[in-house]
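Convention: sequence-line order gives letters A, B, ...; per-chain numbering from 1.
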Amino acid sequence: MEVVRWPLCYWELVLWKVFLHIGIENKDGDESMKPARVRFAPSPTGHMHLGSARTALYDYLLAKQTGGQFILRIEDTDQKRYVEGAEQELLDGLHWLGLDWDEGPDKGGAFGPYRQSERKEIYQQYARQLVESGHAFYCFCTPERLQTVREEKIRNKVQAKYDGTCRNISVEEADRRIQNGENHVVRFKTPKTGTTIVHDHLRGDIVVDNSTLDDYIIVKSDGLALYHLAAPVDDHLMKITHVLRGSEWLPTFPLHSLIHKAFGWEEPVWVHLSVFLKPSGKGKMSKREAMDLAKDGKSIFIKDLRELGYIPEAVVNWIALMGWSYDDHTEFFLLDDLIEKFSLDKLNPSPAAINFTKFDHFNGLHIRNLSIPDLTKRIYPFFVEKRINVDLEKLEKITPIIQERLQTLDDAPDLGGFIFDEEVEVTASELVAKNTTRLESLNILKEIYQVIKQLPQINHEIAEPPMRELVEKLGYKPGQVFGILRVAVTGKMVSPPLFETMEIIGREKVISRLQDAIKLLEGLSE
RNA sequence: GCCCCCAUCGUCUAGCGGCCCAGGACGGAGCCCUCUCAAGGCUCAAACAGGGGUUCGAGUCCCCUUGGGGGCACCA
């Protein structure tokens, strides 16, 4: 009797679960479809890389999915680190990836300016507000003194924090000293006791002991705000609903939350994305390592990827899947699919090693997904780059036969370039088929020539049947006969399918190349 | 050193307590197709870091250990 009881309980539980699940899903569905205002906020200090591209992608997807806005904001408060051309590279990279923004420095918008260096006064005003409300204070300590204090604390193995010298200087006194021209910064007055609870969408609540927090500087002595002040102020003013950023911001996350609270502002949804690790999985990629990748035809920089022959569709698909997934088997996504299917809830908080091999796979997949005219246009520049005398019309004929053989666009000239050559370079040894002698191969070659010469034109339908008959007649393996033909006509051991290739090369050239090959082998056999 | 985060095949990941002796993908091995190379199809090898709990039941929840990562600037 007892045994019969518990399965009943089990089914009861299942029913409960189903019931609850439906309830929860409905609630979530409504919540997530409110239009989101999401910002991508890079600093123009270097090349745009995969990590920032992914953040921008997720930003874009969330904005588009909810019918909200994708905002580009340039975080250039540190003029010392400004790199000429970096901003333009950012814009180019975003455009190339297809992530077009709704508001930004070049486009304007209702919440500008979108370059932080143009918002200096705004930050000063908000910093002052923080001082007056007792949430921040002016600090007159010299960098030299601070340095000494820090070093001593490190020596004593104590957390190297600000020692609080200026923490209790009154606003009046501070103003007097500022009036006298004393150098000063503004520091946030972090609570000394208690805990701060912040909520990350992927990690849930994070509880931090306030005693581990520092009185961070929020305005420098040159009057410019630091990220810690500028970002919260802008996010609030620009009505940002979701902040997606790298997990390197986790340690200062409590500070940012505290600043929002000090102003009495509602906080955005915070999402800290996992970092990308180098392919070995051992740590973040260093500048040096990033440079070294270029030698293998790999790179983490967006502008390089384009030159290496990767296509934006593949980049988007690949990086989308590093830290996000849709289900347990779907992996091929176009940008529009992602807009529809992306979800913050399916993000993965753990760090991900960059896998370039899989990137190649995605690139091949997306290249094969392209239409012939589209692919032709995209490979064209790579022929030009290799100084091959291309013409678009002829190129479009070989595109279909090399398409499934391309891993990157850069492979195209190697694979199809020979059709633009006047001459092919053939060596005698290449012309000798496997398991045949030079004389045998020469004989086969002559037989081939006889057959081809009879044909009014060369294409798959007309040329293949007689060639098959020849193979049969000669008693060699198809691979041997076709191999000789291949080398004679293309000068390569590896080529796209033979008959399609010969059709594009044209009867004239095929015949003359066969003659050349015969001469070459004859010359050697004497 | 201090603080924070993370932990499923080599790698990217599915898994939100029974559907899992753990599914997909890349890569690897093999086979099929085949004029070469691809593409495609099929098959195989390959993982829940360790230890404690909670529970009728744990990859899934909690704790510890270990490992990995990030951060400790008048950078972002």
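Between the base of B/G24 and the side chain of A/Glu331 there is a donor-acceptor pair shorter than 3.5 Å.
Taking atom C1' on both B/G24 and B/C20, the two are 14 Å apart, rounded to the nearest angstrom. Rounded to a whole angstrom, the distance from the P atom of B/G15 to that of B/C72 is 33 Å. Distance noted for atom C1' between B/C74 and B/G70: 23 Å (whole Å).
In this structure, A/Leu321 reaches the sugar-phosphate backbone alone: every heavy-atom distance under 4.0 Å involves primed, P, OP1 or OP2 atoms, never a base. Among the protein residues, A/Pro143 comes within range of the nucleic acid bases, having at least one heavy atom under 4.0 Å from a base atom. Within 4.0 Å of A/Lys282, counting heavy atoms only, lie sugar-phosphate atoms of the nucleic acid but no base atom. Within 4.0 Å (heavy atoms only), A/Pro279 reaches no atom of the nucleic acid at all. A/Trp249 comes within 4.0 angstrom of a base, heavy atoms only. Within 4.0 Å of A/Gly246, counting heavy atoms only, lies no atom of the nucleic acid at all. Using a 4.0 Å heavy-atom distance criterion, A/Ile402 is classed as making no nucleic acid contact.
Dashed line: the shortest gap from a side-chain N or O of A/Ser325 to OP1 or OP2 of B/G24 is not under 4.0 Å. Close to B/G24, at under 4.0 Å from its OP1 or OP2, lies no side-chain N or O of A/His329. For A/Lys278 and B/G69, the shortest distance from a side-chain N or O to OP1 or OP2 is not below 4.0 Å. Phosphate contact (OP1/OP2 of B/C2, side-chain N/O of A/Lys161, threshold under 4.0 Å): absent. At least one side-chain nitrogen or oxygen of A/Arg468 sits closer than 4.0 Å to the OP1 or OP2 atom of B/C35. Checking the phosphate oxygens (OP1, OP2) of B/G15, no side-chain nitrogen or oxygen of A/Asn348 falls inside 4.0 Å. At the phosphate of B/G71, OP1 or OP2 sits under 4.0 Å from a side-chain N or O atom of A/Lys284. For B/C74, neither phosphate oxygen OP1 nor OP2 lies less than 4.0 angstrom from any side-chain nitrogen or oxygen of A/Arg81.
Note that the OH atom of A/Tyr227 and the OG atom of A/Ser43 stand 10.0 Å from one another [nearest 0.5 Å]. A/Ile462 contributes atom CD1, which lies 11.0 Å from atom CD1 of A/Ile452 (distance to the nearest 0.5 angstrom).
A/Tyr216 pairs with exactly one of A/Ile259, A/Leu258, A/Leu255, A/Val186 by the side-chain contact (heavy atoms from CB on, under 4.5 Å) rule, that one being A/Leu255. Of the listed residues (A/Val185, A/Asn183, A/Ile178), just one forms a side-chain contact (heavy atoms from CB on, under 4.5 Å) with A/Phe140, and that residue is A/Ile178.
Contacts between residues 199-219 of chain A and RNA chain B, counted as heavy-atom distances below 4.0 Å, involve A/Arg203, A/Ile206, A/Thr212, A/Ile217.
Among the nucleotides B/G40, B/C35, B/C6, the one closest to the side chain of A/Pro349 is B/C6.
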